[in-house]
Each structure stands twice: as structure tokens, then as C-alpha cells.
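Source: prediction; values computed, not measured. Letters go in sequence order (proteins before strands), and every chain restarts at 1.
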2 protein chains.
Amino acid sequence: MYRRCNIKRNLTIKDVAKKAGVSVATVSRVLNSSTSVRRETAKIVQDAINELEYIPNNIATNLKTDQSHVIAFVVTDVKNSVLTYLISSIQNVLWDHNYFMMFFATNGDPDRETSILRFIAQQRVDGIILNSCTNEKIVTKLSKQIPIVLTGNDITDPNFIGDFIDTDNHAATYMLTSHLISQGHRNIGIINGPHNLDVSYERFCGYQSALAVIGLNVIESSPLVYQGNFDRISGFNAAKSLLSLTENRPTALLITNNEMMKGVLQYCLENKINIPDDLSIVTIGNRCQLDLLYISPTYMETNLEEIGERLARLLLERIEKDHKIPKRILRVPAFFHNGTTVKPIV
Amino acid sequence: MYRRCNIKRNLTIKDVAKKAGVSVATVSRVLNSSTSVRRETAKIVQDAINELEYIPNNIATNLKTDQSHVIAFVVTDVKNSVLTYLISSIQNVLWDHNYFMMFFATNGDPDRETSILRFIAQQRVDGIILNSCTNEKIVTKLSKQIPIVLTGNDITDPNFIGDFIDTDNHAATYMLTSHLISQGHRNIGIINGPHNLDVSYERFCGYQSALAVIGLNVIESSPLVYQGNFDRISGFNAAKSLLSLTENRPTALLITNNEMMKGVLQYCLENKINIPDDLSIVTIGNRCQLDLLYISPTYMETNLEEIGERLARLLLERIEKDHKIPKRILRVPAFFHNGTTVKPIV
DNA sequence: TTGTACGCGTTATCAT
DNA sequence: ATGATAACGCGTACAA
């Protein structure tokens with residue numbers, strides 16, 4: 001092991017105390033500026049610290065204080081490019097409050113998620129931001145020990161303690177579908193995420209509701225409904241599948257995230273399918289990912305920076321105050337058409 | 001505080017020992033399956049663990065064993081979309097070896113970087129992957145206590161102990177510039193990153209060398225050289241500035257990353273500058289970010305998934321074996337033209 | 001203001 | 001095979 005090979009072991013508070021000719025308690029006091037220390041002694045101690053280049057051991061402090069100032073951020077898929085906005089804003093809020101982050105990706109694997117949650121529990125982090133939740137039981141139980149805020153998947157179990165923020169997914173797909181209908185489309189396909197995720201279910205329901213308004217009843221097993229898994233390749237496959245339908249071939253596609261949309265675009269490019277002449281496309285995503293493509297899809301923007309910031313703030317509040325009443329926040333996304341925000345035509 | 005408000009404190013190994021009617025040592029043995037325990041006793045202990053839903057405290061273990069199985073990953077800018085590939089591949093390697101990640105973003109602020117490094121040192125992580133290094137002294141010193149692997153910025157100080165992997169930046173810009181030259185361009189502008197970063201310097205040198213071949217001597221203060229900071233808005237400003245030159249207005253731009261290129265594209269769109277008729281563009285980036293844009297730039301692909309994987313592997317090796325000889329690896333990027341890999345015309 | 005001593009929850013050594 | 005106990009490095013009552 002690395003550290004053991006060092007000739008000189010890590011210096012401890014004792015070494016500083018010895019060097020400064022004071023007790024460890026005094027050094028600790030200087031480090032934490034908790035109770036009063038004489039200016040001269042503080043100076044001596046500080047000099048010793050500097051000279052020895054003493055580095056306090058957070059592990060020991062954490063053990064003693066039962067706090068780590070570290071929170072865990074768990075996501076399903078790291079490669080989803082919109083994620084960077086979430087991480088970035090969370091990081092910044094944490095930084096302002098002197099908190100740090102452990103980062104985990106479940107890759108959509110429930111077993112991996114379970115293992116990660118177990119590790120997190122053992123790690124005694126101060127809180128969790130969870131963007132992947134396939135096992136409500138475990139998370140519900142964990143929420144009694146560690147503050148948790150959720151996004152993506154809410155937990156309905158009344159025993160779950162924690163907050164939830166997300167985009168209003170139902171509203172997003174409802175508006176997009178209505179938009180397509182108003183443009184005259186009747187055969188509208190949907191490329192959605194895994195059906196076991198809340199986010200997919202809600203997005204499907206919004207789509208379904210909008211179609212119901214004009215008397216169309218589309219169920220989950222309809223050939224117009226494709227279940228992808230939010231990555232690019234599944235978008236490609238979805239396009240291939242849906243656009244190969246012999247009857248009721250869709251004239252428009254609702255694609256529920258950025259990555260899958262890229263896959264669709266790739267398929268259309270390779271197969272010379274012209275957008276929007278041969279096919280209309282609407283999606284949910286982030287402006288910066290969408291404004292320079294070779295087409296300008298209509299989309300609902302999920303402001304992930306705002307969501308990330310609010311997630312972090314909610315978590316920090318919950319870490320401070322235990323019995324805060326849980327919040328459920330749905331953020332209505334903005335409608336973009338031809339590159340600018342407009343009121344949707346619904 | 002959250003945890004303190006809980007009526008029942010966290011259970012410890014002692015509680016398990018008491019419940020099972022054995023000593024803490026035995027429980028510890030069962031947990032770590034280190035030395036031999038009678039099957040029956042193990043069973044009793046395991047039952048107690050399950051019944052109490054005991055969760056081991058990693059903090060205490062870390063303190064005792066001086067290992068955390070956690071590494072730190074530090075980057076400059078989270079929003080750089082290519083980052084997701086790095087994180088993803090690192091995560092997967094770590095997962096395979098039962099390691100976890102703390103994630104930090106310096107946002108290009110040296111002070112923040114310093115604070116982060118201090119925190120990391122205090123945290124006693126097992127290793128560091130550093131993609132942001134403005135203070136070689138601190139990192140060099142730290143490298144004697146914690147295994148470090150670098151990317152982006154190498155450290156020339158012979159006292160630094162650690163590995164380095166990166167794209168061959170010089171080769172990348174050299175090839176791109178030569179390509180432009182072969183296409184007949186003579187006024188070639190470069191939109192580069194902050195000049196205090198190695199990566200920027202190398203990319204500039206590659207550009208400079210290629211131009212020198214045809215007798216053009218471009219220095220850093222040339223009007224054709226723009227210093228951005230790798231984000232989209234600086235790309236936009238760079239395009240505005242370079243394309244407003246009255247004399248020697250560039251006919252081609254070498255843009256050293258994806259994000260800045262997006263800014264350039266935005267500027268060109270807004271100002272009706274046609275690519276490639278009015279302006280040629282070459283860049284460095286990732287295929288998935290570039291293949292669906294409204295133009296198909298020539299680019300050098302930096303395979304960040306490969307680099308991430310190798311970074312993680314090198315770090316884990318270094319954690320295992322202290323006196324491993326430092327490696328310096330430069331990965332030659334692939335040349336893409338019209339969407340496919342080809343031999344560059346140089 | 002400062003020092004002594006105990007405990008945080010583990011692992012590891014040394015007995016038995 | 002198992003138990004008692006000393007560390008790990010720090011914070012903090014309590015005493016001085």
C-alpha cells in the first residue's frame with residue numbers, strides 16, 4: 001500500500017502539540033477556533049502547524065462528530081449529456097455551503113443501485129440526492145437515517161421522508177403532443193424511456209391524455225409506443241422500428257429525451273428521411289443541446305440547472321432541520337418552437 | 001442535526017456482538033471473513049446482523065485501516081460535455097475494483113482548486129485523478145502522500161510522482177492546421193483555451209509548427225490567435241472578434257474544443273456566415289457531439305472513454321504498488337473528415 | 001485559558 | 001475458534 005511505504009507516517013495532532021509545547025486540546029481548539037485560546041499560544045500552535053505541514057485527518061473528525069460534509073449524488077446514466085447541468089449547479093451550491101460530493105452511476109442496473117445505496121449508508125454521508133430509484137423499499141428505509149431528496153422518480157410510500165423536485169413531465173408531453181395534433185398529425189409515435197421509471201410513465205400519460213382529447217386511445221402496447229432506455233442507440237433502433245411500420249406509419253415522433261433524439265436524427269440522416277417534410281419531431285431537452293443541430297425541433301426545455309440548484313438547497317435544508325415537512329415540486333418546462341420560447345398552441 | 005434527532009442512534013458492532021452473545025472481534029471476523037469462524041457462530045452472528053439491520057460504519061473502518069476505497073476526481077469545468085465520457089469510463093473501472101469516487105469541479109479558479117486539494121488531502125482519499133492543475137507545487141507535494149494521475153496538464157517537476165495520460169494535443173492541431181493549409185487556406189485563426197493551461201499551449205504549438213512549415217510565423221500575440229476559456233460563450237466572442245478583423249480576416253478557424261465551436265456556430269448562424277463557403281472550421285472533439293450538427297466539421301477525435309479507463313487503471317495500479325515508475329502516455333487522436341476516419345492529408 | 005482523559009466504531013494483536 | 005483490549009486521530013467534558 002502506498003501510504004505505508006512512506007518512511008514518515010502522517011503527522012497527527014499530537015505531533016503538533018508536542019512541537020508547540022501545548023496539549024492536543026489546545027491544538028484542536030486552534031484548528032476549530034471553537035473556544036478561546038490566548039493569542040500568543042494560538043500563534044505558536046499555528047506556526048507549528050505550518051512548519052510541520054500538518055494536515056488534519058477528516059476521517060477521525062467525521063468519526064468523532066458524526067458529520068462528513070459530504071453528500072452522495074446518484075444518477076442512472078452518466079452519459080446523458082444534460083447531466084452536466086445538474087452536477088454543475090449542485091456542485092456550486094454545495095461549494096457555497098462547504099459541502100462536497102460523492103458521485104455514483106447505477107447504469108440503470110437495480111442491483112448496482114442497491115449496492116451503491118448500501119455503500120452510501122455505510123459511508124455515513126450527510127445526505128443523498130437520488131436520480132435513480134428502482135427500489136422504493138430500500139430508499140424509504142434509508143430516508144429515516146439519511147436526508148434524501150429525489151428527482152426523476154418520486155416515492156409514493158407515505159413512510160418515505162424527503163423532498164422531490166422534477167420537471168412536470170406530464171405537462172411536457174401533453175403540450176408537445178397537442179402541438180403535433182394542432183399541426184394536423186394523427187399518427188404520432190412516442191419513443192420513451194424504460195417503463196419501470198416514473199419519468200417514463202408520466203411522459204407516456206401526458207402523450208396519452210393529449211391524444212384522448214381528439215378521441216384517440218393509445219395504450220402502452222400500441223405499435224406507436226416504443227420503449228427505449230434514454231440512450232442514443234435505443235433512439236436509433238426506435239426510429240428504425242417505428243418508421244418501418246407498414247400500417248399507421250407515424251408522421252410525427254415525440255421523443256422523450258435528447259440522447260434518443262440524436263439516435264433518431266442519425267437514423268434519418270442515414271436513411272435520407274427529411275425532417276420536417278417526411279417526419280415531424282418534438283422532444284424534451286436542453287436548449288444548448290438543440291440549437292445547433294441540422295434541424296430545429298420543437299421542444300420543452302427542462303431547466304436542469306435550476307432543478308439541480310433547488311435539489312441541493314432542499315437537501316442542505318433537510319440536513320439542518322430534521323422534521324422539515326416534505327416538499328413536492330413540479331417545474332413546468334418552457335415551450336420552444338423555431339428556436340424561441342412561445343406560448344404553446346394548445 | 002438530522003441523525004441526532006433520531007431516537008435510536010446507529011447500531012454498532014457492539015450491539016450485534018451483544019445480541020449474538022459473542023465478542024466484537026468475532027463479529028468483525030464474520031464481516032470481513034478474514035480468519036476462520038465456526039460455521040454455527042457465523043450463522044448466529046449473521047442472523048443478529050440481519051435482524052438488527054446493522055450497517056457497518058465505514059468511517060471507523062477507514063480510520064482504523066487507513067484506506068477508504070474512495071478516489072477523488074477533479075476537473076476544471078463540469079459543463080464541458082465531453083466530460084461525461086471521462087466520468088463514465090472512470091466510474092466503470094472503479095466499480096469493477098470496488099472503488100468509489102468523490103467529484104470536484106474547480107471552475108477554473110486556482111483558489112478553489114487549492115481549497116479542493118486541501119480538502120482532498122484531509123479526506124485521506126486513496127488516490128486522485130486530476131484534470132485541473134494550476135498549482136504544480138501543491139500537487140507535487142501532495143503526490144508524495146497520495147497517488148495521483150494527471151490528464152490535461154502534466155507536471156514537469158522531477159519531484160512529482162505520478163502518471164500522465166492525454167491526447168497528443170500537438171499532433172491534433174498540427175494535423176488540423178496542415179489540413180487547412182492543404183485546402184489552400186493561408187489566413188488561419190485559432191480559438192484556444194486559457195494560455196496558462198498546458199493543453200492550450202500544446203495546441204497552440206501544433207498550430208504554430210504547421211504554419212511554420214509553409215513559412216508563416218504566427219506568435220501568441222498575433223491577431224489571429226484568440227484566447228477563450230473553453231466555454232461556449234467565449235467561442236461566440238472569439239468568432240465575433242476574429243471575423244471582424246479588417247485585414248487578414250481568417251478564412252478558416254481552428255477551434256480547440258467542442259464547446260467553443262458551438263459558440264462559433266451560433267455566431268455564424270446569427271450572422272449568416274456560411275460554412276464552409278465563407279469560412280472553414282476544424283476542431284477537436286468527440287464524434288457524438290459533432291455528427292448531427294448543421295455542418296460537418298473536420299475534426300480530431302479525442303477518445304475520452306479510453307483515456308478515462310486508462311486513467312483509472314493507472315491510478316489503481318499506483319495505489320497497489322507505490323514505487324511504480326511514472327508513465328507518460330500520449331494518445332494520438334483520430335482524424336475525421338466528412339464524418340469518417342481517414343488518413344490526414346499532410 | 002489550558003490540560004487530562006475518555007470515547008467515537010472499527011480492526012488487529014495477543015492471549016486463551 | 002474465540003475473547004479481551006489496545007490502537008486509529010480527533011473533539012470535548014471536566015478539572016485545574
Tell me: [atom1] of [X] to [atom2] of [N], nearest whole Å?
X: B/Arg38; N: D/dT2; atom1: CZ; atom2: P; answer: 5 Å
X: A/Ile59; N: C/dT11; atom1: CD1; atom2: C1'; answer: 15 Å
X: A/Asp66; N: D/dC10; atom1: CG; atom2: C1'; answer: 14 Å

Heavy-atom pair of closest approach, residues A/Asn10 and B/Gln145
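Scanning both residues completely, I find the closest heavy atoms to be OD1-OE1, 3.3 Å.
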
Only counting residues at least two apart or in another chain, list the ones meeting salt bridge (charged side-chain N to carboxylate O under 4.0 Å, His left out) with B/Arg39.
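Testing B/Arg39 for salt bridge (charged side-chain N to carboxylate O under 4.0 Å, His left out), a comparison that skips the adjacent residues, returns none.
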
When every nucleotide of nucleotides 3-10 of chain C is labelled 5' to 3' by its protein contacts under 4.0 Å (heavy atoms), B for base, S for sugar-phosphate only, - for none, what sequence of letters results?
BBB-BBBB

B/Lys324, NZ atom: more than 12 neighbouring heavy atoms under 6.0 Å:
yes

Going by ring-ring contact (aromatic ring centres under 6.0 Å, His included), name the pairs with one or both residues in residues 106-151 of chain B, residues two or more places apart or in two chains.
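Listed once each, the pairs are A/Phe100-B/Phe119.
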
So does B/Val22 get a backbone contact from the side chain of B/Thr26, meaning a donor-acceptor N/O pair under 3.5 Å?
no

Tell me whether the OP1 or OP2 atom of D/dT2 has a side-chain N or O from B/Thr41 closer than 4.0 Å.
yes

Under a 4.0 Å threshold between the charged nitrogen and the carboxylate oxygen, would B/Arg313 count as salt-bridged to B/Glu317?
no

